[in-house]
Student: 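Pasting a structure below so you can have a look.
Please read these numbers as outputs of a predicted model, since none were measured by experiment. The analysis underlying the following values was restricted to heavy atoms, covering all of them including side chains, and did not include hydrogens, waters or symmetry mates.
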Amino acid sequence: MNFLDLLRALFALAFTLGIIGLAAWAARRYAPALLARLSAERGEKRMKVVETLMLDPARRLVLVSVDGEERLLMLGEGRELIEPRGDAK
């Protein structure tokens, strides 16, 4: 591989990266609605994380809402503990 081939390969790489960067810039500049539509939610989600609390570096509590019902999960150390589902009286 001589110097001319190396120079040609570097120019092709720079040109390709420039085209990709230009396309990304143009998409952000001139088509924000299109990008928002691509990343928009499709329908209402049934599950969401309400709150998290770090207990220590290995464990955390996570409050999750599923179908309008909140559940408390303890995650960490290779296992997950879920709050019992029965009604407390």
Side-chain angles (χ1 to χ4, degrees):
M1 181 184 233
N2 61 17
F3 181 72
L4 188 57
D5 290 337
L6 180 63
L7 191 62
R8 187 177 304 146
L10 288 175
F11 177 73
L13 177 63
F15 182 75
T16 303
L17 291 176
I19 292 292
I20 292 171
L22 184 64
W25 174 81
R28 276 194 311 252
R29 174 79 169 105
Y30 296 110
L34 175 65
L35 292 177
R37 228 178 316 147
L38 290 175
S39 65
E41 296 178 358
R42 291 188 169 84
E44 188 175 330
K45 294 187 177 187
R46 296 177 49 208
M47 183 170 62
K48 69 177 180 175
V49 175
V50 177
E51 190 175 344
T52 62
L53 175 66
M54 294 292 297
L55 298 176
D56 57 42
R59 296 178 300 156
R60 82 174 66 192
L61 286 174
V62 181
L63 186 60
V64 179
S65 175
V66 180
D67 291 333
E69 179 182 330
E70 290 187 344
R71 307 289 300 172
L72 183 63
L73 310 173
M74 188 167 98
L75 307 175
E77 296 182 1
R79 62 188 152 179
E80 295 80 27
L81 300 175
I82 302 173
E83 166 195 27
R85 192 162 209 178
D87 291 334
K89 292 182 181 182

Student: How close do Leu73 and Val64 get, heavy atom to heavy atom, and via which atoms?
Tutor: CD1-CG2, 3.7 Å

Student: Clusters formed by hydrophobic residues whose side-chain heavy atoms approach within less than 4.5 Å: which one holds Leu4, and what are its other members?
Tutor: none

Student: Could you give the distance from CG (Asp67) to CZ (Arg46), rounded to the nearest 0.5 Å?
Tutor: 4.0 Å

Student: Please list all pairs meeting salt bridge (Lys or Arg N to Asp or Glu O under 4.0 Å) that have one or both residues in residues 2-12, counting only residues at least two apart or in different chains.
Tutor: Asp5-Arg8

Student: Quick check: is Ile20 connected to Trp25 through a chain of hydrophobic side chains (ILVMFWY, heavy atoms under 4.5 Å apart)?
Tutor: no

Student: Take Val62 and Val49, measure what side-chain contact (heavy atoms from CB on, under 4.5 Å) needs, and give me the verdict at the end.
Tutor: CA-CA 7 Å; Val62 181; Val49 175; 4.0 Å; yes

Student: Measure the CG-CZ distance between Leu53 and Arg59 for me, rounded to the nearest 0.5 Å.
Tutor: 11.0 Å

Student: How far does CG of Asn2 sit from CG of Leu6, to the nearest 0.5 angstrom?
Tutor: 9.0 Å

Student: Once you round to the nearest 0.5 Å, how far does CG of Leu55 lie from CE of Met74?
Tutor: 7.0 Å

Student: Is it possible for you to say whether Phe3 and Leu10 belong to one hydrophobic cluster, with membership spreading through side-chain heavy-atom contacts below 4.5 Å?
Tutor: no

Student: Taking atom CE of Met47 as the centre, does the number of heavy atoms from other residues, nucleotides or ligands within less than 6.0 Å exceed 12?
Tutor: no

